[in-house]
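Being a predicted model, the structure only gives us computed values, none of them experimental. Each ligand, and each atom within it, is numbered from 1 in the order the structure gives.
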Amino acid sequence: MFLLWARWQAGGVTMAKITLSNLRHSYYPNPKTVDDYALKQIDLDWQDGGAYALLGPSGCGKSTLLNIISGLLTPSEGQVLFDGKDMTHLPPDARNIAQVFQFPVIYDTMTVYDNLAFPLRNRGVPEDRIASRIAEIAAMLEVSDMLKTRAAGLSPDNKQKISMGRALVRDDVNVVMFDEPLTVIDPHLKWKLRSKLKELHQRVRATMIYVTHDQTEALTFADQVVVMQDGEIVQIGTPVELFERPNHVFVGHFIGSPGMNVLECELRDGGAFFQGQHVALEGAIRPDMTGKPQIGIRPEFVTLGSSGIAATVRKVADIGRHSIVETRAGNQKIALVVEGDTPAQGDKVFLTFQTGQTRLYSDGWLATTQEAAQ
Ligand code: ADP
Ligand code: MG
């Protein structure tokens with residue numbers, strides 16, 4: 001207890017780099033095939049102080065991964081390390097992690113103040129220090145006027161704010177993890193809390209991992225986004241990197257609205273051809289590529305011109321400053337974003353792809369390099 005308090009006094013925040021090494025997890029006692037694993041193979045470092053989002057569709061293994069980090073679950077294989085120290089078999093309370101769940105976890109019979117004080121009293125923090133810390137956190141979350149209220153009387157979104165406050169009030173945690181925390185929040189408050197969390201990260205400076213299936217939430221909160229699909233990590237990058245150079249067509253589809261166009265193509269004479277026409281790629285094709293080739297181009301980088309790929313306009317959606325035009329070229333759909341004059345349904349148009357933004361994929365994985373094509 002004294003040590004904890006001394007660390008607190010010194011303002012010594014105990015954060016750590018978290019390493020997941022060779023991690024696999026199955027909920028079955030005797031997993032046989034790769035499909036029996038909720039997590040297939042995870043190797044990942046979470047750097048100290050980072051703002052991370054863990055993004056992926058429902059069922060891809062996000063909560064499983066968080067629960068392994070916090071110690072609620074023990075992985076079937078592999079290790080969880082904090083600053084190189086093996087934590088894999090330590091219980092949650094030995095890990096100094098704060099976790100916020102989808103639904104609020106608070107004590108209904110206590111006041112808001114006592115709920116926020118609970119994690120600190122548990123660690124023997126003096127009352128005057130507790131009071132100042134609560135004042136600070138309550139102000140950030142805009143719940144200062146509710147401190148004397150009994151938690152039972154709060155609306156669901158205020159309850160969730162208090163849950164978040166309980167996680168943020170400690171300054172001795174290794175990481176604060178949020179598992180889809182805005183599920184119960186009213187849509188008009190979501191936007192506000194989302195930007196609040198970003199601001200909190202900048203002030204609290206703890207490592208934060210924010211789990212969501214919503215790309216907007218992930219991209220507004222995180223400096224680094226970890227994209228998961230089906231028990232595996234498909235890409236880690238900044239929001240801009242994920243948008244500009246998706247490492248896998250899944251990331252291309254999942255991020256952006258509409259998602260990246262992924263088009264069947266043919267490879268010959270060292271180049272890519274879409275419906276018989278040569279398409280210039282961003283760079284060289286990886287020499288070892290053997291899988292099914294597809295061209296990936298974002299709707300933002302397809303333009304209308306007087307020559308190029310012949311297509312017919314199928315649908316036009318005006319979404320304010322620009323329109324999303326859906327075309328068809330042969331048997332394939334190509335969407336593009338148009339600013340200014342938009343064509344009409346049924347029009348015959350020509351499309352060009354911005355060369356620096358045209359990627360090639362092999363069995364779904366990026367197969368071009370940004371070095372100049374020969
Ligand atoms: P996410 O949080 O991304 O929605 P989960 O980690 O909850 O995904 O689930 C990953 C996979 O593991 C899913 O197929 C889910 O059905 C399965 N799963 C999750 N929890 C359990 C459990 N307690 N027992 C058995 N299977 C589970
Ligand atoms: Mg989940």
Side-chain angles (χ1 to χ4, degrees), residues 18-44 46 51-80 87-89 91-92 95 97-105 156-157 159-160 163-164 166-167 175-185 190 193-194 197 207-222 224-237 239 242 246-255 259 364:
I18 296 177
T19 304
L20 307 178
S21 168
N22 265 311
L23 216 61
R24 280 150 67 82
H25 188 71
S26 178
Y27 287 100
Y28 301 112
N30 299 304
K32 290 186 179 72
T33 69
V34 67
D35 292 331
D36 291 342
Y37 285 84
L39 296 180
K40 301 207 164 100
Q41 169 80 34
I42 306 281
D43 290 279
L44 178 61
W46 309 86
Y52 291 96
L54 184 56
L55 173 68
S58 175
C60 74
K62 304 181 297 295
S63 295
T64 304
L65 192 60
L66 276 204
N67 292 340
I68 286 173
I69 296 173
S70 66
L72 293 174
L73 264 181
T74 305
S76 314
E77 293 170 39
Q79 288 179 305
V80 179
M87 307 294 278
T88 318
H89 298 282
R95 299 190 187 199
I97 282 180
Q99 194 167 0
V100 178
F101 299 92
Q102 221 169 344
F103 300 99
V105 180
D157 38 72
K159 281 189 180 175
Q160 187 66 326
S163 277
M164 290 186 192
R166 281 165 49 98
V175 54
V176 187
M177 306 197 293
F178 302 91
D179 195 349
E180 315 224 20
L182 303 184
T183 310
V184 294
I185 306 286
K190 267 190 189 173
L193 266 184
R194 214 164 59 205
L197 274 175
T207 311
M208 292 192 184
I209 303 176
Y210 184 98
V211 167
T212 180
H213 62 267
D214 179 319
Q215 56 161 317
T216 316
E217 284 184 18
L219 301 181
T220 37
F221 174 73
Q224 289 281 315
V225 182
V226 178
V227 185
M228 276 184 80
Q229 181 202 22
D230 206 7
E232 283 179 299
I233 292 168
V234 284
Q235 189 166 6
I236 303 169
L242 297 181
N247 200 27
H248 192 277
V249 292
F250 171 78
V251 180
H253 280 302
F254 202 68
I255 290 175

With Y210, the side chain to side chain contact (heavy atoms under 4.5 Å, CB included) member among L54, L182, V225, V176: L182
Should [X] and [Y] count as side-chain neighbours, where that means a heavy-atom distance under 4.5 Å?
{"X": "S58", "Y": "H213", "value": "no"}
{"X": "V227", "Y": "L242", "value": "yes"}
{"X": "F254", "Y": "Q229", "value": "no"}
{"X": "I233", "Y": "I42", "value": "yes"}

Check: D43 side chain, N22 main-chain N or O, donor-acceptor pair, under 3.5 Å: yes
Parallel, tilted or perpendicular: ring planes of W46 versus Y52, cut at 30 and 60 degrees: perpendicular
Aromatic ring pairing H25/Y27, orientation class (parallel under 30°, perpendicular over 60°, tilted between): perpendicular
For the Mg ion (ligand 2): protein N/O/S atoms at distances below 2.8 Å: 1
Donor-acceptor side-chain pairing of S26 and D36 below 3.5 angstrom: no
Pocket residues of ligand 1, ordered first by chain and then by residue number (heavy-atom cut-off under 4.0 Å): Y27, A38, P57, S58, G59, C60, G61, K62, S63, T64
